[in-house]
Amino acid sequence: MYGGGTTFEGIKAEKKDDPVKLAEFEARIERGEKIEPTDWMPALYRKQLIRMIEQHAHSEIIGALPEGTWITRAPGFKRKMALMAKVQDEVGHAQLLYSAAETLGKSREEMIDDLINGKSKYSNIFNYPTFTWADCCFISWLVDAGAIVNQLANAKGSYGPYCRALDRICAEESFHLKYGHHCVIYLAAGTEIQRQMFQDALNRWWPPMMHFFGPSDKISVHSDTLMKWKVKMGSNDDMRNQFLDMYVPKIRELGFVIPDPKLNKNEETGRWEYTEPDWEEFKRVINGDGPCNKERLAVRRTAEERGRWVREALRSPKTVYQMPLA
Amino acid sequence: MDKKVEEIIKQTQLQLTDLKLQKPVFGGRSGKHSEHLQPLLDEMSEVFRSDPSAEW
Amino acid sequence: MKSLDPRVNRLPEIDIENSVSRKDPLDQLGTYEVFVQPKEGKPFQHEGALHASDREMAFVLAKESFTRRFQCISLFVVRTTNVFVSDTTEDSESVYDRIKGDVDKGGNQQSYEIFNLYKRGKQHVHIGSVSASSPELAMAAAKNKLPPSKTVYNIWTVKTSDIRFTQPDEMDLWNTLPDKKFRDASDYKGGDKLKEFLERSK
Amino acid sequence: MSDALKELIYKIADDQFILGHRNSEWTGFGPMLEEDIAFSSMAQDKIGHSFALYTMLRELGEQDPDTVAFTRNANQFHNCIFVELPNGEYDFSLVRHFLFDTAEALRFEMLLNSSYEPLALLAKKIRGELRYHTIHANTFLKKLGSGTEESISRLQKSLDYSLPYAMGMFEPSPYESELISEGIFGGEEKLREQWTKKLRK
């Protein structure tokens, strides 16, 4: 469900790839055909894809925690069952994405260990606390909306297993977005307490939401290679602008005030203007120093440790680990 | 419902103590509960009760 | 740990700092491929992979990992190691052109299921079964008996006996799937509430 | 007659609702991703069953499901104590799932021919879901009950701890004879015998 904010630090060309194979590989992508696990691929392509899909999978499994904070308190049957199904989907999407990344040669367990040990990153936005039910509704609607902008773009990428996973995830997430919007409409049309609860949530969550798509193009490491290989499908600012185009009107329609007086669409350029997000905070949060980073990883580690006796009892020498096929 | 509990337990190394020796824990059916239920209900209805006139 | 999540506050003490040491061997479970038949008369299609301890558990877990919504009338699982995979071709070359359709004079003929990939990036689709004395010869038999009408980029074949099929008496597992509207966008139409709100706040 | 019927529906609905709620706490915390997903689906089924039962109660003159489920106090709930207990470790949650769902599947099998038609219809409708809950419980019990030293001792400890509470599922109601004579429900005694028979075979 969540993507974006993927950081491709310091991409340097790997050791020389076989030029003939590289030409065939690039011609295939040029024709719009997908790369499959058994194809030859440049080392850099494999490395960046593992990083990207792994970060997306981690974002899903960690993303289940801030919304999961409200799973036992969802008000009424409709919200309770929807939130149970939605948080379950996040775990389900993590399972799909880890499988897609496993086809590139890294086992799920190594990926989860790297997550827990802080070696592997995940989306900035899940390191913030969900103080109220309205915070949870903000995630269900707008963070989901942001993730879908990224995922629809990535679904047109070049790696087959990731596209298959994203096709399924995007189909399943249409319910998430509508559920989230439905919740926020009821808050907007509700009592003064409900309206204020969401306005407060919007004030808290807008800055991390602007960080969600990653550093602005001016300062982010820009890689033509990853664009050519359809690993990176659009610039961070493109994604951010798409999101603002689609959702700022919907937020304002409900009578809420977005906490950035400069936020405005420049009709000539067709681009949104806004207060420059604080990219220092973004780096700090991505690298482990946000309000809930420690709790998220501690909870994930506890789930792994408490489940170890189950996995060890299930493990049998006969059914040894194998990379998924597709 | 063909799988019988005994059948399942027999396929494991678990022992099933004699049920007649068990002293059933009754009371729930007539509203007499453990100390765990009310906190569960308070937590579950926290948002619901935060604004009783609201529609969520 | 003091958390906003009441569930976290109920967890046994969890230390913040300590990290996880890599376990050797990994307590990683075996891998299984999952195939789903969405509707009567439609072919089985590959849906993805999962990790489980054995075929029976893979079947149980596959039902919820892969058929939580949309449609399903039957599902089967097979261990990934039991799937035989052909070369993968591209552009306009069909992988069947690389297979010699020689006649299988081998003994101990067994039933194999055949799956074709018609587009890179899409799912393998079940097209039928053949009998053969080896996986390679099963693909050759498929070339003769199940000639494809369009370009095929990859073939999977699986011994029928390696598959855990849905049993006839298990078909009711998906009876209520269409009723689970709460997992579908159609259950969350906020239009009326929004209209009412907009009129009220005019 | 409707008091007997209401009491029966309330206790089945409250059992499903409270256990579904407890089991939903595991979502995102499961021992492995695939089991996290399956366990959450069964919790959603239980909440769905309770909603269907509370809707039946509304047709018998009770308040709407949200009010009934979210605003009553503990002393107004009719669930057995077994389902309200905290989740503990995964061994207890699994053993409770196994013992409770074995009984629940039997209960609804008895309700298949209930003279109260809505109950009979519901029993028929959710039969596939209850079948899945028991297949899942049986698969995990068999596997973990003969897995490692640790998994066997954990399940044994949870089984011994759970049995008195599990017997509490069959507390006879003040309307037993009326429910039986009206053909609404075969009675807790018969249910317990079938369940014990299954346990004791």
Side-chain angles (χ1 to χ4, degrees), chain A residues 28 31 33-34 36 38-39 65 68-69 72 78 81-82 85 92 95-96 99 107-110 113 116-117 129-131 160 163-165 168 172 174-175 177-179 181-182 185-186 188-189 253-255 294-295 298-299 301-302 304 308 311-312 314-316 319-326, chain C residues 1 3-8 11-12 14-16 18-20 22-23 26-31 33 46-54 57 65 68-70 79-81 83 85 87-88 90-91 120-124 153-154 156 182-185 187-190 193-194 196-198 200-201:
Chain A
R28 188 174 310 132
R31 280 198 307 277
E33 284 196 277
K34 307 289 184 189
E36 291 292 355
T38 47
D39 292 341
L65 298 177
T69 301
T72 60
K78 189 174 177 75
M81 290 194 69
Q95 193 265 344
L96 291 173
S99 290
S107 83
R108 182 196 298 178
E109 190 176 336
E110 285 163 313
D113 284 355
I116 290 174
N117 294 337
T130 44
F131 289 104
C163 296
R164 277 187 284 272
R168 191 179 183 88
E172 298 198 343
S174 64
F175 131 65
L177 186 66
K178 290 280 275 175
Y179 155 74
H181 192 208
H182 192 269
I185 290 173
Y186 273 69
E253 175 186 41
L254 294 174
K294 285 211 171 19
E295 174 185 332
V299 167
R301 182 186 319 112
T302 304
E304 292 299 317
R308 188 182 293 200
R311 297 192 304 275
E312 274 170 3
L314 294 181
R315 196 182 72 233
S316 67
T319 56
V320 84
Y321 174 77
Q322 167 93 20
M323 254 166 52
L325 288 179
Chain C
M1 168 184 306
S3 164
L4 290 169
D5 186 339
R7 304 176 307 165
V8 174
L11 288 176
I14 32 178
D15 42 47
I16 299 269
N18 125 357
S19 66
V20 169
R22 181 67 42 83
K23 293 177 284 303
L26 299 169
D27 61 0
Q28 183 72 65
L29 305 180
T31 313
E33 302 297 331
H46 180 245
E47 285 296 334
L50 59 76
H51 294 295
S53 60
D54 55 68
M57 182 166 288
S65 285
R68 287 199 298 284
R69 45 169 64 81
F70 309 132
R79 258 186 73 204
T80 302
T81 45
V83 181
V85 181
D87 287 350
T88 307
E90 60 185 309
D91 204 357
R120 281 167 162 267
K122 289 301 173 195
Q123 279 75 16
H124 283 73
Y153 294 99
N154 186 253
W156 288 350
F182 67 98
R183 290 185 182 148
D184 188 75
D187 221 23
Y188 302 95
K189 291 195 176 59
K193 191 78 178 180
L194 181 59
E196 174 217 315
F197 165 71
L198 294 177
R200 237 192 307 135
S201 52

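Proteins come first, then strands; the chains are lettered A, B, ... in the order of their sequence lines, and each starts at number 1.
- For the residue pair C:Asn154 and C:Asp87, the shortest heavy atom distance occurs at ND2-O, 2.9 Å.
- Scanning for salt bridge (Lys or Arg N to Asp or Glu O under 4.0 Å) contacts around A:Glu36 gives A:Arg164, with sequence neighbours left out.
- For the residue pair C:Ala185 and A:Lys178, the shortest heavy atom distance occurs at CB-CG, 3.7 Å.
- Of the atoms belonging to A:Ser174, heavy atoms from both backbone and side chain fall under 4.5 Å from chain C.
- With a threshold of 4.5 angstrom between heavy atoms, C:Leu198 approaches chain A through side-chain atoms but not through N, CA, C or O.
- Taking 4.0 Å as the cut-off between side-chain N and carboxylate O, A:Glu304 and A:Arg308 do not count as a salt-bridged pair.
- Between chain A and the options C:Arg7, C:Arg69, C:Glu47, C:Glu33, the largest number of non-hydrogen pairs under 4.5 Å is found for C:Arg69.
- When each of A:Arg28, A:Met323, A:Gln95 is checked for heavy-atom pairs under 4.5 Å with chain C, A:Arg28 comes out on top.
- A search for salt bridge (Lys or Arg N to Asp or Glu O under 4.0 Å) contacts involving C:Asp184 returns nothing, not counting sequence neighbours.
- By the 6.0 Å and 45° rule, A:Lys78 stacks over the aromatic ring of C:Tyr188.
- Between atom CG of residue C:Asp187 and atom CE of residue A:Met81 there is a gap of 10.0 Å, rounded to the nearest 0.5 Å.
- In this structure, chain C has heavy atoms under 4.5 Å from both the backbone and the side chain of A:Leu254.
- Residue C:Glu90 touches chain A through both its backbone and its side chain, counting heavy-atom pairs closer than 4.5 Å.
- Among the candidates C:His46, C:Lys193, C:Gln123, the residue making the largest number of heavy-atom pairs closer than 4.5 Å to chain A is C:Lys193.
- With a threshold of 4.5 angstrom between heavy atoms, C:Asp91 approaches chain A through its backbone and through its side chain.
- A:Arg31 touches chain C through its side chain: at least one heavy atom from C-beta onward sits under 4.5 Å away, while N, CA, C and O do not.
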